[in-house]
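One structure is given here, and the rest of the page talks about it.
Note that the numbering runs from 1 along the sequence shown for the chain. Atoms considered below: every heavy atom in the structure, side chains included; atoms not considered: hydrogens, waters and symmetry mates. What you see is a predicted model; the values in this text were computed from it and never measured.
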Amino acid sequence: MKTRIFTFVIISLLLAIGTGSCSKNEINPEDYTTSLLSGEYGKNQLWKLNVTVNGEPTEDYDYVRFDSKILKDGDFRFVNVIPGEKRKEFKDIPLTATEEGMTFTIEYEKNKKLVIINGIVGLGEMTVNITM
């Protein structure tokens, strides 16, 4: 009987030591599913999208698909949001945390003109400002 108890105690200690040695101190992005802010934002979506073009509000857009894991950077797919672009994707755009949400800025060239897209993603709402 004492042998069984002794064996049980030793096995329990080995399991506890073995389990403790597997812990990680670093964040591995692959361990996380998409963030709570990831999803589709649009005028007819559950999560709302507000768009301005050159400072003027517009209602002529579909949606933006936003994906991020640990909110360090994000992937964007603009569908009928940027004038003259049916679909435009951007990968690994840096995000900055603020009290209102995660801000972003995207710059690219279209027809030799600079297009600047800046905005903010918050829980349930995204605002996009497009300057052409």
Side-chain angles (χ1 to χ4, degrees):
M1 180 74 170
K2 289 183 181 181
T3 307
R4 283 186 180 180
I5 292 175
F6 180 74
T7 304
F8 178 76
V9 169
I10 295 296
I11 291 174
S12 297
L13 286 173
L14 289 174
L15 285 172
I17 291 170
T19 305
S21 67
C22 293
S23 66
K24 298 180 195 176
N25 293 332
E26 295 180 19
I27 295 175
N28 182 356
E30 298 303 319
D31 289 346
Y32 292 85
T33 58
T34 55
S35 74
L36 292 174
L37 300 181
S38 292
E40 287 186 2
Y41 294 78
K43 60 183 170 189
N44 297 321
Q45 304 284 346
L46 178 62
W47 291 5
K48 299 300 173 203
L49 175 64
N50 303 304
V51 179
T52 62
V53 177
N54 297 324
E56 296 294 321
T58 183
E59 293 292 323
D60 188 25
Y61 59 87
D62 283 342
Y63 67 91
V64 175
R65 173 74 197 179
F66 171 75
D67 289 302
S68 181
K69 290 193 182 240
I70 58 172
L71 295 176
K72 181 179 175 186
D73 52 35
D75 298 336
F76 293 83
R77 182 184 328 126
F78 292 85
V79 178
N80 292 325
V81 175
I82 303 167
E85 300 270 1
K86 191 138 186 90
R87 178 180 168 141
K88 186 75 174 169
E89 294 189 33
F90 302 94
K91 302 279 185 189
D92 302 322
I93 302 300
L95 302 172
T96 304
T98 66
E99 289 182 9
E100 293 82 26
M102 305 304 292
T103 62
F104 62 91
T105 300
I106 302 168
E107 293 183 8
Y108 74 101
E109 196 171 305
K110 176 186 170 194
N111 299 330
K112 298 183 181 180
K113 292 182 181 179
L114 182 64
V115 178
I116 301 171
I117 303 169
N118 57 35
I120 188 164
V121 181
L123 191 58
E125 187 169 2
M126 178 187 293
T127 300
V128 174
N129 303 305
I130 303 169
T131 305
M132 303 180 83

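- A 4.5 Å side-chain heavy-atom check between F78 and V128 finds at least one atom pair inside the cut-off.
- No single ILVMFWY cluster, assembled from side-chain heavy atoms under 4.5 Å apart, contains both I120 and L123.
- Placement of I116 and F104 in two distinct hydrophobic clusters is found when ILVMFWY residues are connected by side-chain heavy-atom separations under 4.5 Å, directly or transitively.
- Interatomic distance, CD1 of I93 versus CZ of F66, reported as 10.5 Å (0.5 Å rounding).
- The structure places CG of N54 at 9.0 Å from CD1 of I130, a figure rounded to the nearest 0.5 Å.
- Note that CG of L95 is 7.5 Å distant from OG1 of T103, once rounded to the nearest 0.5 Å.
- Classified by interplanar angle (parallel below 30°, tilted 30° to 60°, perpendicular above 60°), the ring pair F90/Y108 is tilted.
- The closest side-chain heavy-atom distance from V79 to R65 is not below 4.5 Å.
- The two residues M126 and V121 come nearest to each other via the heavy atoms CE-CG2, 3.6 Å.
- Annotation: side chain of N80 is in contact with side chain of K86 (closest heavy-atom distance under 4.5 Å).
- Criterion: ILVMFWY side-chain heavy atoms under 4.5 Å apart, direct or through other members. Under it, Y63 and V81 are not part of a common hydrophobic cluster.
- Nearest heavy-atom pair, G74 versus S68, reported as atom, atom and distance to 0.1 Å: CA-CB, 4.2 Å.
- Among all heavy-atom pairs drawn from L71 and M102, the shortest one is O-CE, 3.3 Å.
- Annotation for W47 and L36: closest pair CH2-O, 2.8 Å, computed over non-hydrogen atoms.
- Closest of all the heavy-atom pairs between K48 and Q45 is NZ-O, 3.0 Å.
- The backbone N or O of M132 sits nowhere less than 3.5 Å from a side-chain atom of K113 that would complete a donor-acceptor pair.
- A donor-acceptor pair under 3.5 Å is absent between the side-chain atoms of T58 and the main chain of T52, judged by distance alone.
- L37 and L46 fall within the same hydrophobic cluster, where Ile, Leu, Val, Met, Phe, Trp and Tyr residues are linked whenever their side-chain heavy atoms come under 4.5 Å apart, directly or through other members.
- One distance of note links CG of D67 with CG of D75; it measures 6.5 Å at 0.5 Å rounding.
- The closest side-chain heavy-atom distance from E107 to L114 is below 4.5 Å.
- A donor-acceptor contact shorter than 3.5 Å is absent between the side chain of T127 and the backbone of N50.
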